[in-house]
Amino acid sequence: MGLFFRNNTNRTVYVAYGYLNFDCGPVTYANRGWYRIDPGQTRLVRSGNVGGRTYYFYAEDAFGRRWSGAYYTDVPQQAFHWCWNTGCTTCRNVGFRRFKVGAPRNNYTITLSASTSRSKSRTKSKSDAGRVELPTRGQTDQLVRKVPKAPSQKQRALLEKRKRLRSRLKRKR
């Protein structure tokens, strides 16, 4: 069970993703990267049930190909795991793509291909179900920063309940 990224290009790709995390604030999302994914490889980046949530991702290769979006945040060159609004003096500001995983879903795979890094939107066929292949949006004005929407009160209560259950299970071990 989990969130996977599949590299369908002929070059190594590096991926960072964002996920809901109530320990972060005022933006309740965290980012984690960099995951090296070699050509043809599929990599698990987040384990557990991934359904019913919104995630964000950014990917790039060493030759300038990018999978980016309109949700900007800072990322360093080295491996990181921090809150969405964390930055550093040597960070780059990059745009993450947003995607929602419908419930119930135990597994979800994002497929990165050359056509999805710079192509226009295409119609999805039934064979594309469960796969996200989003086009790159044009670079937006960096002064306007989109940030992930805060979860609703109902979502927050559900996630707090899950958090309490996890901590109970850890204590029993």
Side-chain angles (χ1 to χ4, degrees), residues 1-21 24 27 29-84 86-88 90-140 142 146-149 162 166:
M1 290 195 318
L3 177 61
F4 297 85
F5 283 86
R6 178 181 302 129
N7 180 358
N8 275 358
T9 72
N10 59 354
R11 297 180 176 142
T12 298
V13 173
Y14 296 89
V15 173
Y17 77 98
Y19 63 95
L20 186 63
N21 183 339
C24 294
V27 179
Y29 277 80
N31 294 336
R32 187 173 208 156
W34 295 100
Y35 291 89
R36 177 189 170 119
I37 307 173
D38 293 321
Q41 182 184 18
T42 299
R43 178 118 188 233
L44 174 69
V45 298
R46 185 164 182 85
S47 60
N49 187 333
V50 295
R53 297 189 183 111
T54 300
Y55 295 92
Y56 299 82
F57 80 93
Y58 171 83
E60 62 185 23
D61 67 18
F63 298 93
R65 187 180 294 149
R66 292 187 321 244
W67 293 261
S68 60
Y71 295 86
Y72 286 87
T73 188
D74 290 337
V75 296
Q77 287 296 105
Q78 70 278 9
F80 66 99
H81 186 195
W82 61 24
C83 293
W84 186 274
T86 303
C88 64
T90 59
C91 288
R92 296 178 295 139
N93 191 254
V94 299
F96 279 58
R97 287 187 189 179
R98 178 180 173 200
F99 66 99
K100 292 183 179 182
V101 178
R105 281 283 187 143
N106 290 329
N107 294 308
Y108 198 80
T109 301
I110 302 281
T111 301
L112 303 170
S113 65
S115 65
T116 62
S117 70
R118 298 185 191 231
S119 69
K120 293 184 179 177
S121 186
R122 68 177 178 85
T123 306
K124 288 187 146 199
S125 68
K126 290 194 183 223
S127 66
D128 288 335
R131 211 167 64 176
V132 173
E133 293 186 353
L134 301 172
T136 301
R137 291 187 188 173
Q139 190 70 7
T140 60
Q142 297 265 347
K146 285 187 179 180
V147 295
K149 184 177 121 183
R162 286 181 184 161
R166 282 188 197 128

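As the structure is a computational prediction, the values presented were derived from the model and not from experiment. Along the sequence shown, the residues carry numbers beginning at 1.
Taking both residues in full, the closest heavy atoms of Asn7 and Val13 are given as ND2-CG2, 3.4 Å, listed atom of the first, atom of the second, then distance. For the residue pair Val15 and Ala59, the shortest heavy atom distance occurs at CG2-CB, 3.8 Å. The minimum heavy-atom distance linking Met1 with Asn49 is given by the pair CE-N, 3.8 Å. The two residues Tyr108 and Ile110 have their closest heavy-atom pair at CE2-CD1, 3.9 Å.
Here the side chains of Arg92 and Gln77 are in contact, with some heavy-atom distance below 4.5 Å. Side chains of Arg98 and Thr54 form a contact here, defined as non-hydrogen atoms less than 4.5 Å apart. With contacts defined as side-chain heavy-atom distances shorter than 4.5 Å, the pair Pro76/Trp82 qualifies.
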Starting from the C-alpha separation in whole Å, work towards a yes-or-no answer on side-chain contact (heavy atoms from CB on, under 4.5 Å) for Thr111 and Arg6. CA-CA 5 Å; Thr111 301; Arg6 178 181 302 129; 3.2 Å; yes
Walk me through whether Tyr14 and Val75 qualify under side-chain contact (heavy atoms from CB on, under 4.5 Å). CA-CA 12 Å; Tyr14 296 89; Val75 296; over 6 Å; no
Pair Phe5-Phe57, side-chain contact (heavy atoms from CB on, under 4.5 Å): steps then yes or no: CA-CA 10 Å; Phe5 283 86; Phe57 80 93; 3.7 Å; yes
Intermediate values then yes/no, side-chain contact (heavy atoms from CB on, under 4.5 Å), Thr12 and Arg36: CA-CA 7 Å; Thr12 298; Arg36 177 189 170 119; 3.6 Å; yes
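With rounding to the nearest 0.5 angstrom, the CZ atom of Arg65 is 10.0 Å from the CG atom of Leu112. With rounding to the nearest 0.5 Å, the separation of OG1 in Thr73 from OH in Tyr29 is 13.0 Å. Atoms NE2 and CG, from His81 and Asn21 in turn, are 6.5 Å apart once rounded to the nearest 0.5 Å. Note that the CG atom of Asn8 and the OG1 atom of Thr42 stand 7.5 Å from one another [nearest 0.5 Å]. Considering CH2 of Trp67 and OG1 of Thr9, their distance stands at 5.0 Å, rounded to 0.5 Å. Once rounded to the nearest 0.5 Å, the distance linking CD of Glu60 with CZ of Arg66 reads 8.0 Å.
Both tests do not hold together for Arg46 against Tyr17: distance to the six-membered ring centre under 6.0 Å, angle to the ring axis within 45°.
Taking the six-membered ring where the residue is Trp, Trp34 and Tyr58 present perpendicular rings, their angle passing 60° and hence far from 30°.
Side-chain atoms of Asn107 come within 3.5 Å of backbone atoms of Gly2 as a donor-acceptor pair (strictly under, hydrogens ignored).
Each of Tyr19, Tyr56, Phe96 was compared with Asn31 under the side chain to side chain contact (heavy atoms under 4.5 Å, CB included) criterion, and only Phe96 meets it.
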